Amino acid sequence: MNNQIVRKQQLSRKVVYLNVQGEAPVGDTRSEDEWVGKPDTLLNIRNLRIEAAVHPPGESPMNAILVHDVSLTLKRGRVLGLIGESGAGKSTIGLASMGYGRGGVKITGGEVILKGRDILKVGADGMRKLRGREVCYVAQSAAAAFNPAHRLMDQVVEAALLHGMATRTEAEKRAIALFKKLGLPDPENIGKRFPHQVSGGQLQRVMTAMALCSEPDLIVFDEPTTALDVTTQIDVLAAIRDAIRDTGVAALYITHDLAVVAQVADEIMVLRNGKLVERGMTQQIINQPHEQYTRALVSVHHIDHVQKDCGTEPVLSVKGVTAGYGDGAIKVLRDVSLDLYPGQTLAVVGESGSGKSTLARVITGLLPPLAGSIQFDGRDLSRRLAERSREDLRQLQMIYQTADVAMNPRQTVATIIGRPLEFYFGIRGAERNHRVAELLDKIEMGKSFAERYPAELSGGQKQRVCIARALAAKPKLMICDEVTSALDPLVANGILKLLLQLQKEEGVSFLFITHDLATVKSIADSISVMYRGQVVRYGPKGQVLAPPFDPYTDLLLSSVPEMEVGWLDKAIRSRRMESAGN
Amino acid sequence: MTPISKIISQRVALGALTLWIVSLIVFAGVQFLPGDVATELLGQSATPEAVAALRKSMGLDIPLYLRYFDWLGSILRGNFGTALANGRDIAELIKPRLFNTLFLAVSAAVISVPLALLGGIVAALYRNTFIDRAINVVTLASISVPEFFVAYILILVLAVHAGILPSLSDVDSETSVLGRLTAIALPSLTLAVVVLAHMMRMTRTSIINLLGNQYIETARLKGLPEWRVLVRHALPNALAPIATVIVLNLAYLITGVVVVEVVFVYPGLGQLIVDSVQKRDVPVVQACSLIFAATYVLLNLTADILSIIANPRLMHPK
Amino acid sequence: MTIVHGPRMLKSGASKLASAPLSAKFGISIIIIYMLAALLAPHLAPYGEAEIVAKPFEPWSAQFWLGTDSLGRDMFTRLVFGARNTLGIALMTTTLAFSIGASAGLAAATFGGWTDQILSRLIDVLMSIPQLIFALLLLSIFGTSIPTLIIVIAVLNSTPVFRLTRAVAIDAAVSDYVEAARLRGEGPIWIMTREILPNITATLVAEFGLRFCFVFLLISGLSFLGLGIQPPTADWGSMVRDSATLITYGDITPLLPAGAIALLSVAINLVVDWFLHWASGLKED
Amino acid sequence: MVKGYSFSSLTALSRRRFLQSAAGAGALAVGSAAGLLPSLAETATPKKGGHFKIGVGSGSASDSLNPATYTDSFMMIFGHALHGYLVEMDRDGNLVGELAESWESSKDAKTWTFKLREGVEFHNGKKLDADDVVASLNHHRGEQSGSGAKDIVKGIEEIHADGPRTVVLSLKGANADFPYLMEHYQLPIMPAKDGKADISGVGCGGYVLDKIDFGVKATAKRFANYWKPNAAWFDSFEVLAIHDVGARTNALTTGQIQAMDRCDLKTINLLKRNKSLEITSISGTQQYVMPMRCDVSPFDNVDVRLAVKYALNRKQLLDTLLNGYGQLGNDHPIASTNRFFAKGLPQREQDLDKARFHLKKAGVTNLKVQLSASDAAFTGAVDAAALYQQDAAKVGINVDIVREPADGYWDSVWLKKPWYTSFTGGRPTADWMFSVFYAADASWNEGHWKNPRFNELLIAARGELDDSKRLEMYTEMQSLCREDSGSVIPVFANYVNALSTNVGHNKIGSNWDLDSFRCAERWWLTNV
């Protein structure tokens, strides 16, 4: 999961300039004076304008405006949530508060007044002195943000030592105290470990400790829990929130997940395409959003879908499959059995390491199972890919999580979609082009996209092309592996709606692999919950989502953040089982 | 540590296999050469009788495969055999040459490796500035010139005009260490120039490749000065590729310096093997090739081990 | 975020060139000049390649622009023909090295398993024998004609190409789009040539430039040892070699072919640097 | 000739030229010239002492101390430092006794008796006696011998000692030149040990083996009990193998060695400007050859052979390949320094008309031939072929140059291809030279040439003890070679060496390179 999210982040940085659907900025409803000039004002950003030199592949470098004229104020000890989809400019603003721009990013206008002085004017040395001392940063993926070559403690105390704020002994003592506060196991010794020896959730807490270690005035949290599994996220979120409260540090909390930020922030700013959409107290944003965009964010998961009844003959039947790597030394799947009926959607839910992606590999034949069988359309499927007939391959198509790497970047959309037509049906030339255009229509993209390369598409468009490619084979079954996890919620929604639409038209069945319960609720007909390689709960959606729950399903369901202030405390109190990710 | 010892023993086994195949290839290769040691030794005075007599005295009338197994057997017992041409013990023949070769390689490495690292770091630190470009062009130029040319230029400047260093690396077993160092100053400088650029560029590239990593940003956001970011946060992670390229260049310093040996008349292994190929002295060619191949295999192993050491994931498993 | 879509990527090479940094433009012009010299050698050169036109070591003059060489052949003529021979041979050698190394590397990456193991071990063996020694052995066996020279050096240089190709191709081979092609049932040829190859071309082109320089230097090293291109064919390696002793007397004649080699290498590397930069589409840092 | 050199070096050059001519012209008149030219002034007074280092462009790791394996100048000059030979060629080209005090032959020139010198001591203390000579020569004889000198000693029927100081050799056939053979570099006299020659490097020469690293360097120290007076002046002597001529030159100019062989002729005019060096150029017996095989078409026609010979511009070859450091060849193998050199034969010049005439006579108008060339034969062989190609085209001979690989050249090209490039170091006597390369039954008959008159004369001259009659015969044989044989011999190359002016020497012997390989014994250092 961590890797997936990081990749997504990198990709979105590359494609961000393409998401151009300008919308007029929505002004703040309150007067400036209410925010500025108070003695307890810590950070005051005024009319910030940020630009970046972008190098689109194959084109000349150009300047893109990432942030238009954004202002904000933050008081000491307060938490301001910055929320928006990718390309909203929220991370850019967060880093700008440290005077930092990634890559070719330049702050070209406005002021960033921290503790009374404009840090854009203090020079490189002055900037260095305030970074890591007055402002600290907690990155999205702690696994990537920690240097793999050094022990944790060395990295945690580095800034404090560098700025001469403590001796090594003092700093380590403080770090250990913070480890304890953040609920890390064995706080005395965890610092001696290397980053790879510590789990993702723990690393994220260590990273928070690192930020707190030099006792800064402000911490910028940049999606600190996004890369975590949902059951882990809730604990880390709670730890971070408590640490902020206890130390009284001010924070900018950046996330795309409104439900998460609602648990931490005092105030929320909604951003879109580098412009401010709406600003307000958390309660107000969640409960009475003014702007339509905010309303869309709040109600993102609402898709109407009626659960269909099971048929009689399953199109896919997985029977007692056990699979693993290294000649069975490591078993990833144990005795998994599932049925999927024609025209229906079976959602396989689980966290990282649950074996859900391995199940997809077994079904596609990439990983021959150690035991068990797979029946497709009433007959046994060969265990190995190489032994399957072309017809079998055609009827079983796969859609991947990250559309970017699922399409050959050197092929045009027409080639990508047209290849299955050629390969399976021998359709070439004008006929092929005609069919490609039809398929593009089906995925709600025009035929003008045919000659584009993947890099020229937005994230959602890419995923649509992948769907079209699968559709071109006229399959009976499509395996969708986390197809929406790399997308922004609104875009993901569109994809889900498209899939449901296609299911209705083509009668294709979906095996829908996901970690996201909200998605499951929206589209599944039946659900299989997986935990550590086994199916812990399986049945029609209504049944699976209705109590009484087994402990894991309970944990899973209760960990999904809800759009409600104070949900976190309730959830923590009601938990019956520890998350595996801690 | 078990996975590490497993990796290492695998590499050692592969190395041994490589060496064996090398011995086969070289043995077969030398057989394919036109003429043999007898005709080459006698040169123009090769009458059929003299050739036949010489062949017999060297045991060249024994079938090929028997000679190979004979040779393999004695190698496995640690005996390199005797040179065909003059019946000298090959181990004795090679020992001083190998020492000379290693001495030259080490001194060239001592000059070039620290310079390469320093230069690479400086270039990375001042990337895309004038300093970086200057370093880039100079290293490129030094890569691009044939090494004998570098050698001649150095001789011209330092030996002929300045007269401070000898143009001839005249060393023998009795030369003192200081005398040796003076004697090999020019060849080691030449070699240093030749390998420096490659290592320097690799150091720069490896470091810069890492700069996109999140932990580099973390380090910067801690307020670390740029040089410290590079040295403390980028360099340790770039060690594996840098070690690999250094090791490759060390291998080159040991096995690829025939030209420099010829120019400076330095009695190293390279000249010996060229001589022996020309004279078709199979056992000597075999022995030298094996030593070279073993050097390569060993150095690669070293690079692997260094990469393991530089990688905490392998050194400190979960 | 207000950007107008530029022209189609990959079709904008020319406009890209216009915006290339000065160093790359310099490199490209040098390469073009060399290529022209190589192609038009018989027309550019005032005399024949091996024609003896005057006494040895004539000074620079209007008649002999760069003087004459040790046999009394026109230096400028030799230099121009040297471009033709040296570039031609190095180019053919590098191309051959790439066809061998890249196809083996692609096969190793695509098939994996035993194919990969056998090829990789074979390459290990080839690499563990020092290049120069190996070349010496092979050239002694097969003779120093130009075709053998090309084949031998190509084989020797295909080993690093194999390693590089295999490494980058494996990266591509495990990507989802190749997996998608496998799931579709595509054969290995399609996967190698249509899915993987287009994605590693940039790396290979860059390597081609560097390899070209190495081939160049190896040939001149071999010429130095008397095993390279044989006289009277003009090539820069042996031209340096033939007149190298002149350096001792402060004559700059040997600098000319050596400088020609160095200049071309620098030019190629500048272009390669820029090409990599451009193809990656990413900014350094 | 001069390009881009500074003005000062130009003037330096002219000054040196001036001094040279001054010395030549005014040696009698201007006494003070001696002060300007110390090396010339001190020529006659050798000094003892010093360490002499010479760099030679040969030597290989496969060398050994066994004289039977001496193949290049490195071992040859070192061999001459360690060893004594039965006879010696003096600096004027006369054969004189070394270990042999005197010798005489039977009337039929088939039995030769050598009288050995008394009081000669080997380095191991053993006194020289006849058994040593017998063992040393037998070392190269017999079925088992792989010696390079096997051919030279194969004419010996029997050897025996007649008392401690007399050796008697009976030959299979008459050979008036036999004592000359005993001067061959592979035939030094070694002490006998259990009836066999001791090949560990112990000899009775002027220097005792100190250290030897084959293919790298060898050192020797003066032998205290050396019998020869006024010889072996250096305290110690060192030979370095420096294959690269540039390295050799640099080592000499930077003073790391005091002498070098085989100067780079291309740049020798530049080297000459160095005032601390002396260039010695000795015309010797080494010759460049382009043999045509008389037993294959079209070279089986003597007119084709003559056409080829006349088309060649020898002067141009001499100038471009040797920079003038050599002698023109006259298509026969006898060097001008040989006592039987045919002085009366006209020098063959390029004559395109004659070439056309012979070609026409042979009935060919457009001749297409292949010339197999490689620099393995001699430096510049391929260039020579290219030069020849240009001239030959003018008379209608189209030469197709086949570049042969250097490696294995002597194995697969030499003696085998119809027309090829070759090289001969030469032999000290006419008979030897002719017998090895031109006799009908010689295994190295390069042109596969079988001329009955020539072979008749060869046998007759070998048995003839009267020198004037022999001169007559050899003159005719040289003429036959010139007119009829398959060998094109364009040039004889000089031995061109460079010495530090600190090296003293008398007239330099021309038998072999480096003062007939005896530089260690004959030269001295003036600055000790």
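Every chain is numbered from 1, with letters handed out A, B, ... down the list of sequences. Predicted model only: the values in this text are computed from it and were never measured.
- Side-chain contact between Asp125(A) and Pro225(B) is absent, with no heavy-atom pair separated by less than 4.5 Å.
- The backbone N or O of Arg133(A) lies less than 3.5 Å from no partner atom in the side chain of Lys222(B), so there is not a single donor-acceptor pair.
- For chain B, the nearby part of Leu95(A) is the side chain; its heavy atoms alone come within less than 4.5 Å.
- Only the side chain of Arg228(B) comes within less than 4.5 Å of a heavy atom of chain A; its backbone N, CA, C and O stay farther away.
- Leu221(B) has its side chain out of reach of Cys136(A): every pair of non-hydrogen atoms, C-beta onward, lies at least 4.5 Å apart.
- If you check the side chains of His233(B) and Glu158(A), you find a donor sitting under 3.5 Å from an acceptor.
- Residues of residues 207-216 of chain A that come within less than 4.5 angstrom of chain B, heavy atom to heavy atom, are Met207(A), Met210(A) in numerical order.
- Side-chain contact check for Glu217(B) versus Tyr137(A): some heavy-atom pair is nearer than 4.5 Å.
- Considering only heavy atoms from C-beta on, His196(A) comes within 4.5 Å of Pro312(B) through its side chain.
- Of all heavy-atom pairs spanning Thr218(B) and Ala145(A), the tightest one is OG1-O, 3.0 Å.
- Between Arg128(A) and Gly223(B) the shortest heavy-atom distance is CG-O, 2.7 Å.
- Proximity to chain B is limited to the side chain of Arg151(A), based on heavy atoms less than 4.5 angstrom apart.
- Heavy atoms of Phe146(A) lying under 4.5 Å from chain B belong exclusively to its backbone.
- Of the atoms belonging to Ile216(B), not a single heavy atom falls under 4.5 Å from chain A.
- Within the 3.5 Å criterion, the main-chain N or O of Pro236(B) finds no donor-acceptor partner in the side chain of His150(A).
- Residues Pro148(A) and Asn237(B) come closest through the heavy atom pair CG-OD1, 3.3 Å.
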ask   = Hey, mind stepping through Asn147(A) and Gln214(B) against side chain to side chain contact (heavy atoms under 4.5 Å, CB included) and telling me if it holds?
value = CA-CA 9 Å; Asn147(A) 192 326; Gln214(B) 182 80 53; over 6 Å; no

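- For the atom pair Arg220(B) CZ and Arg102(A) CZ, the distance stands at 11.5 Å (nearest 0.5 Å).
- A 6.0 Å sphere centred on OH of Tyr68(B) holds more than 12 heavy atoms belonging to other residues, nucleotides or ligands.
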